[in-house]
Colleague: 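First the structure, then my questions, so here it is.
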Amino acid sequence: MTQAFRGRHFLDLADFSREEILYFLEVALDLKKRWVLGERLGILGGKIVALLFEKPSLRTRVSFEVAVRQLGGECFYLGPQEVGLGKREAVKDVALVLGRMVDGIVIRTFAHETVLEMARYAGVPVINGLSDLHHPCQVLGDLLTVQEKKGTLNVKIVFVGDGNNVCHSWIVAAARLGLSLTVCTPERYRPSWEIWNWAQREAQKSRAEIVYEVDPRKAVLGADVVYTDVWASMGKEQELEERLSFFWPYQVNNELLALASPEVIVMHCMPAHRGQEITDEVIDGAHSVVIDEAENRLHAQKAILSLLL
Ligand code: CP
Ligand code: NVA
């Protein structure tokens, strides 16, 4: 199995089969256990990874930096001012040059097309650390969290909020793995139809149940996992005022959570806007697993790096 991953990109979970996604999780869990036991692994053997970020980040940047170092590699960070991706220099040229010098590239950018172009020309594995369309590393870590907390992925998962990049990666994951996912957004902020229609076709093969429900109170009924994310993603902050009027009924608060399973876990990719999509009492409450979820980014990223590089 391991050989099948070498040299590939990690751009979208749709690029991987059910078995391959499950293998990432298996490796992540194994690496997590070994780290806890104090084993130090030199899997990356001095390989060098560039982190090319056009948007701010805490979890993705730090988890990749720590993961690379803990696996015996080296990395460096390039922020928006340093590279001027597509402005100072064409994306293609940045990709061609970086690819001659590093062993892997993690990119966080706006247009998903930039991620694809980087992958087309880099000649080394490119990892999508978030684009406007997808956040696959996040959802890989999230799957690990659901598996650990629930002992299975076959539970009722409800995504409440904006049909954004994280929501898209959840839809793709559900379609590939055959999961039960309810997507609950205001009508106007539904996820991409292209991704939705693709997922419905895939769901026929994987037996996934991916449904849309506009009413959050109906959506969360009996939910085992309630997931939310910000109402205005990075780059869309200026839309927040306008969005608020649509999103208030979608706030994950104690009243909404009371309709879910008594053992529900609450997830959020973070950063969270406390008092907007999630209240303090929920994110700090007994059902919240957001900090374990954030930690699992590190373990999931290690699986990606060790398999691709
Ligand atoms: N969840 C996540 O990707 O967080 P950062 O934006 O801080 O990397
Ligand atoms: N949807 C959010 C996720 C941040 C990790 C954003 O794109 O800003």
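Atoms considered below: every heavy atom in the structure, side chains included; atoms not considered: hydrogens, waters and symmetry mates.
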Colleague: Would you compute the distance between atom OG of S169 and atom CD1 of I195 and round it to the nearest 0.5 angstrom?
Modeller: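 Rounded to the nearest 0.5 Å, the OG-CD1 separation comes out at 7.5 Å.
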
Colleague: Got a salt bridge between R274 and D284, using NZ or NE/NH1/NH2 to carboxylate O under 4.0 Å?
Modeller: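 Salt bridge: yes.
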
Colleague: Given the rule in the side chain to side chain donor-acceptor pair (under 3.5 Å) test, do E54 and T109 qualify, once you have shown the distances and angles that lead to the verdict?
Modeller: CA-CA 5 Å; E54 288 197 299; T109 186; 2.3 Å; yes

Colleague: Can you tell whether the side chains of D162 and R243 come within less than 4.0 Å, N to carboxylate O?
Modeller: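 Yes, this pair counts.
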
Colleague: From L309 CG over to F10 CZ, what is the distance, rounded to the nearest 0.5 angstrom?
Modeller: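 So the CG of L309 and the CZ of F10 are separated by 13.0 Å.
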
Colleague: Does this structure show an ion pair linking R188 with E242, if we count only N-O contacts that are shorter than 4.0 Å?
Modeller: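 Yes, R188 and E242 are salt-bridged.
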
Colleague: Does the ring of F16 carry R176 above it, NZ/CZ under 6.0 angstrom from centre and within 45° of its axis?
Modeller: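 Not satisfied by the 6.0 Å and 45° rule.
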
Colleague: Quick one: does V282's side chain get under 4.5 Å of L257's, heavy atoms only?
Modeller: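 Sidechains of L257 and V282: in contact.
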
Colleague: Looking at A4, is its backbone amide N or carbonyl O close enough to the side chain of R8 to form a donor-acceptor pair, meaning the two atoms are under 3.5 Å apart?
Modeller: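 Here the side-chain-to-backbone pair exists.
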
Colleague: Do you know which of Q276, Q251, E277, M267 makes side chain to side chain contact (heavy atoms under 4.5 Å, CB included) with T228?
Modeller: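 Exactly one option meets the side chain to side chain contact (heavy atoms under 4.5 Å, CB included) with T228, and it is E277.
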
Colleague: Under 3.5 Å, side chain of N165 to main-chain N/O of L133, donor-acceptor pair present?
Modeller: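 Judged by distance alone, no pair lies under 3.5 Å.
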
Colleague: Is there a donor-acceptor pair under 3.5 Å between the side chain of H168 and the backbone N or O of S192?
Modeller: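 Yes, because the side chain of H168 sits within donor-acceptor range (under 3.5 Å) of the backbone of S192.
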
Colleague: Is L78 close to L51 at the side-chain level, that is, under 4.5 Å between some pair of heavy atoms?
Modeller: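 Contact flag for L51/L78 side chains = no.
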
Colleague: Can a donor-acceptor pair be found, under 3.5 Å and without considering hydrogens, that links the side chain of E237 to the backbone of G235?
Modeller: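 Yes; at least one donor-acceptor contact below 3.5 Å.
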
Colleague: Would you mind checking if E202 and R207 are paired as a salt bridge, meaning a charged N to carboxylate O distance below 4.0 Å?
Modeller: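 Judged by the 4.0 Å cut-off on N to carboxylate O distance, R207 and E202 do not form a salt bridge.
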
Colleague: With R190 as the cation and Y212 as the aromatic partner, state whether NZ or CZ is under 6.0 Å from the six-membered ring centre and within 45° of the axis.
Modeller: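 Geometry flag: set, cation within 6.0 Å and 45°.
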
Colleague: Taking the basic N atoms (NZ, or NE/NH1/NH2) and the acidic carboxylate oxygens, is any pair closer than 4.0 Å for E263 and K149?
Modeller: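 Salt bridge absent between E263 and K149.
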
Colleague: Answer yes if the ring centres of W198 and W193 are under 6.0 angstrom apart, and no otherwise.
Modeller: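 Aromatic pair excluded; centres sit 6.0 Å or further apart.
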
Colleague: I'd like to know if V160 and I278 are part of one continuous hydrophobic network [Ile/Leu/Val/Met/Phe/Trp/Tyr, side-chain heavy atoms within less than 4.5 Å].
Modeller: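 Looking at the clustering, V160 is in the same group as I278.
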
Colleague: May I ask you to test the I291-E295 pair for a side-chain heavy-atom distance under 4.5 Å?
Modeller: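 With C-beta onward as the side chain, the pair stays apart.
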
Colleague: Donor-acceptor pair, distance only, cut-off 3.5 Å: does the side chain of S180 make one with the backbone of K156?
Modeller: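 Flag not set: sc S180 to bb K156 has no pair under 3.5 Å.
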
